[in-house]
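Input: a single structure, listed below in structure tokens.
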Amino acid sequence: MIFGTFWDKKEKLEKEYENVKWSDTGLPRDELLAKVEKHFEEYRYSSMPKARAQALKIMLEEGRISVDENGIFHDKLDSLKIFAHLNWISGEYSLRDEFSDAFEERDLGQKYGSFTANVDFGHNSPNTKALFELGFGGLLERVRNEKDKKAELSEKQKDFYDACETALLAVITYVKRYAKAAASIDADAAQCLENISENPPCNTYEALALLVIYFAVHDQIAGSRIRTLGRMDVLLYDYYKNDIERGRFTKEQIKELYCYFLTKLWAMKVPYDLPMMIGGLDSDKNEVTNELSYLIVEVYNSLNIHSPKIHVRVSEKTPESFVKLVLSCIRGGNSSFVFVNDDVAVESLKKAGIPEKEALDYILIGCYEPAAWATEMPCTGVGTVNLVKAVELAMNGGRDMASGEKLGVDTGEISSFEDFKKAVMTQITCICDKLMSFVSLMERNYPRIYADPLLSAMYDKSVADGIDLYEKDSAKYNNSGFQIMGIATLTDALCAVKKVVFDEKRISFDELCTLMKNNWQGGEKLRLICSNLKEKYGNGNPVADSMAKEMAEFVSSYTLGRENGRGGIFKPGFFSIDRCYKSGAKTAATPDGRCAGDPFSKNLCAAVGKDKNGITSLINSVAQMELSSFPNGSVLDVVLHPSAVSGDDGLCGMYSLLKSYFEKGGFALHGNVFDPSILREAQKLPEKYSTLQVRVCGWNAYFVNLSKAEQDDFIKQAENC
């Protein structure tokens, strides 16, 4: 392998998935699709695992491949969107006629913004520990052994084992195809591929190549999103250490391998960015942060990319120098990191019924969702609940104000603030019930519409029992996560109704409801009063903080632990990502001064511009809520001005802020360092700031690619810090 050439090739490597030159051997994409679809149809009604395994086999064995002369990792297959097409055929859409009433209710909720609910085959975590320990060949042998051990096999078990065997053999064949194709271009890559086609990796290069191949096959080809690569410094440290000790690679050479690896994943342009995790405690409560943890961050920062995104676990034992290294990256403009509090994450999983030892070895799925690594099939994105819509429904007899559609229940006459608060709670329970009912119905029918033999072959219990991971009771833990959105706007709205209607009696409740229907028309003076009340979430105000705490406790106690349709439970999360814009656009005006269609509050943040007392007061408000009661995760976004974080004192200040939030019970924190004048200029001159990164939610984006509404919110946040 020729080292010292990466930086000369970087620009080409970043574009390696553009204008790909495919090999002459193999079927063109249209012919491949036709053949895959034909075989898929043969099996889909009798055995979904076999249908998907056979489809994968055809793609991997007969699709065209491409060897890139600039790279050292090889993975491309001419199969874009084929499995996405099959997912459309076999997904929830095929159940619409049979469960039309459930779909109609779900579709109304989504159309008018009260909730979303869906099947979720895209928030899973491979057991990369088993992959590294056994390799594809070892996984295949384990499947065969488990099959042979059973005296009797049901037809479903036989189909499952056959499907796993077909899928794994197809992957092995695929890797060997690449090894043969790469031999004339890159002998080292060819040997690496041959080695890992069946065997576990023996060094850093092979380990990284195995991760690339697995991710490419599963996420890019097989059509099931992989939402974490696992704990990188746990998986890869021994290879790093052994390579250095044995003189196989120098530290600088390993850095270059990681440059190639991270750039490869960046070039794939994975939607919402590809997660990986570093740092934190292991199952014996030892801190895992090591020399490789530092190296990964340093290499990542040097590349100026925002995918993969990096989840950073922080415990009391995590070295201050490591946390400050990550903070210095964020301060420098690379904000594609999120910090996660080990204490709260572990406690949250324990509340979801996962023993401490397994909870300690958690990973984050997608944005912020903790799950027990290799034992939990979490499905963390089954839906969202719009708390702000509950206010609208409570003020309009359970009906959407714009359309009149019945989305909730009629909670009767409101004659006191307690009546109103109870009505809002009732609407919240109604929305949550609809979400969980629809999801459970879909989950009970997962075996009819989806299967994943490749992922299932990695999970111990699934293989031992002979059932696909999307069947009931397949993994050790089979949970479903959804998100609760808009806590700050809900709190502010409740506080406003209490203050202006029932305490100060500035307006009657019915008159306020009419104002909300008319989007504050004729009530601008009152809107400004409501918008500027001191009882606002995020300012350390005792009235607002008590309200937020009460509502958080209520929604968590109502939803956490409810049975799902896969033999597990529902896990609420407490974040919105960018749905505060999408759902806000479908939500009427609210008593806090917000106008119809405007975004509501994001994640655990205050409503934009309403946290007037600084970051410390915001943290104190958030800390009033028991965030461990939301085991699908939560996050606080912070925006800091460059002048506040400059120099050594600024870095220490950032570190103290993070530690303070975690000591008070915060779950996760991420943020941006912005000068609002730069953002305003970027909005006017986007061509000048094409690479300006912002932390949007659980992923990063370029500021100039955001909508005007999102850009304006970032500018307001920066002006407010």
Side-chain angles (χ1 to χ4, degrees), residues 110-116 118 122 269-274 305-307 309 333-336 338 366-368 381 383-389 392 402 483 485-489 519-520 531 575-590 592-611 635-640 670-721:
Q110 296 193 157
K111 181 177 181 179
Y112 296 107
S114 59
F115 74 100
T116 65
N118 47 264
K269 303 302 178 193
V270 177
Y272 308 111
D273 298 345
L274 168 63
I305 58 179
H306 61 70
S307 181
K309 57 188 176 187
N334 189 342
S335 54
S336 198
V338 61
C367 296
Y368 321 106
T384 59
V385 168
N386 180 354
L387 296 177
V388 185
K389 194 74 177 185
E392 175 185 343
Q483 321 315 335
M485 311 185 297
I487 183 62
T489 301
N519 196 20
W520 292 102
S531 184
F575 61 91
S576 64
I577 55 175
D578 59 350
R579 289 190 179 274
C580 56
Y581 298 95
K582 299 173 184 176
S583 297
K586 301 173 182 179
T587 304
T590 40
D592 56 308
R594 176 187 153 275
C595 293
D598 284 353
F600 51 74
S601 57
K602 181 200 260 187
N603 299 330
L604 293 180
C605 301
V608 174
K610 301 306 179 184
D611 46 333
V635 70
L636 176 64
D637 311 54
V638 297
V639 177
L640 302 170
H670 63 192
N672 295 288
V673 176
F674 287 148
D675 183 333
S677 65
I678 297 296
L679 297 184
R680 285 192 293 268
E681 185 175 352
Q683 195 175 50
K684 294 177 182 177
L685 302 170
E687 68 281 354
K688 186 179 176 182
Y689 293 92
S690 60
T691 60
L692 176 62
Q693 284 189 38
V694 294
R695 182 74 174 176
V696 178
C697 294
W699 62 88
N700 270 37
Y702 293 123
F703 179 78
V704 298
N705 292 337
L706 300 178
S707 68
K708 176 71 160 48
E710 290 174 296
Q711 289 180 349
D712 288 344
D713 269 4
F714 276 116
I715 291 170
K716 289 177 185 176
Q717 287 176 307
E719 290 172 338
N720 195 53
C721 66

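Listed for the His306 side chain is no donor-acceptor partner under 3.5 Å among the backbone atoms of Asn334. Judged by distance alone, with hydrogens and angles left aside, the side-chain atoms of Lys708 form no donor-acceptor pair with the main-chain N or O of Gln683 at under 3.5 Å. For Asn386 (side chain) and Gly113 (main-chain N/O), a donor-acceptor pair under 3.5 Å exists by modelled atom type. Between the side chain of Tyr368 and the main chain of Cys697, a donor-acceptor pair closer than 3.5 Å is present. Remark: side-chain polar atoms of Ser576 are not paired, donor with acceptor, to backbone N or O of Lys602 under 3.5 angstrom. At distances below 3.5 Å, not a single donor-acceptor pair connects side-chain atoms of Arg579 with backbone N or O atoms of Val385.
Side chains of Thr384 and Ile577 form no contact here, defined as non-hydrogen atoms less than 4.5 Å apart. Considering only heavy atoms from C-beta on, Phe575 stays 4.5 Å or farther from Leu604 through its side chain. Contact annotation: the side chain of Phe674 approaches that of Val694 to within less than 4.5 Å [non-hydrogen atoms, C-beta and beyond].
In this structure, Thr590 OG1 and Asn519 CG are separated by 9.5 Å, a value rounded to the nearest 0.5 Å. Atom CZ of Arg594 is separated from atom CZ of Phe600 by 7.5 Å, given to the nearest 0.5 angstrom. Atoms CG and CD, on Leu692 and Glu681 in that order, are 10.5 Å from each other to the nearest 0.5 Å.
In plain terms, the two heavy atoms of Phe703 and Phe714 that are nearest each other are CE1-CB, 4.2 Å. Heavy-atom minimum distance, Ala682 versus Val704: O-CG1, 4.0 Å. What you find for Ser335 and Gly671 is that their closest heavy atoms are CB-O, 3.4 Å. Taking all atoms of both residues into account, the shortest heavy-atom contact from Thr489 to Ser601 is OG1-N, 2.9 Å. Counting all heavy atoms, side chain and backbone alike, Lys309 lies closest to Arg695 at CB-NH1, 4.3 Å. Counting all heavy atoms, side chain and backbone alike, Ala488 lies closest to Cys605 at CB-O, 3.2 Å.
Scanning for side chain to side chain contact (heavy atoms under 4.5 Å, CB included) contacts around Ser531 gives Lys610, with sequence neighbours left out. Partners of Trp520 by ring-ring contact (aromatic ring centres under 6.0 Å, His included), not counting sequence neighbours: none found. Partners of Tyr581 by side chain to side chain donor-acceptor pair (under 3.5 Å), not counting sequence neighbours, listed by chain and number: Asp713.
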Could you go through the salt bridge (charged side-chain N to carboxylate O under 4.0 Å, His left out) check for Glu392 and Lys389 one step at a time?
-> CA-CA 5 Å; Glu392 175 185 343; Lys389 194 74 177 185; 3.0 Å; yes
Criterion side-chain hydrogen bond (donor to acceptor under 3.5 Å, both in side chains) on Ser307 and Asn700, from CA distance to verdict | CA-CA 8 Å; Ser307 181; Asn700 270 37; over 6 Å; no
Could you give me the CA-CA distance, side-chain angles and deciding distance for Asn672 and Gln693, then say whether side-chain hydrogen bond (donor to acceptor under 3.5 Å, both in side chains) is met?
-> CA-CA 9 Å; Asn672 295 288; Gln693 284 189 38; over 6 Å; no
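Annotation: Lys111, atom NZ; neighbour count of heavy atoms from other residues, nucleotides and ligands within 6.0 Å does not exceed 12.
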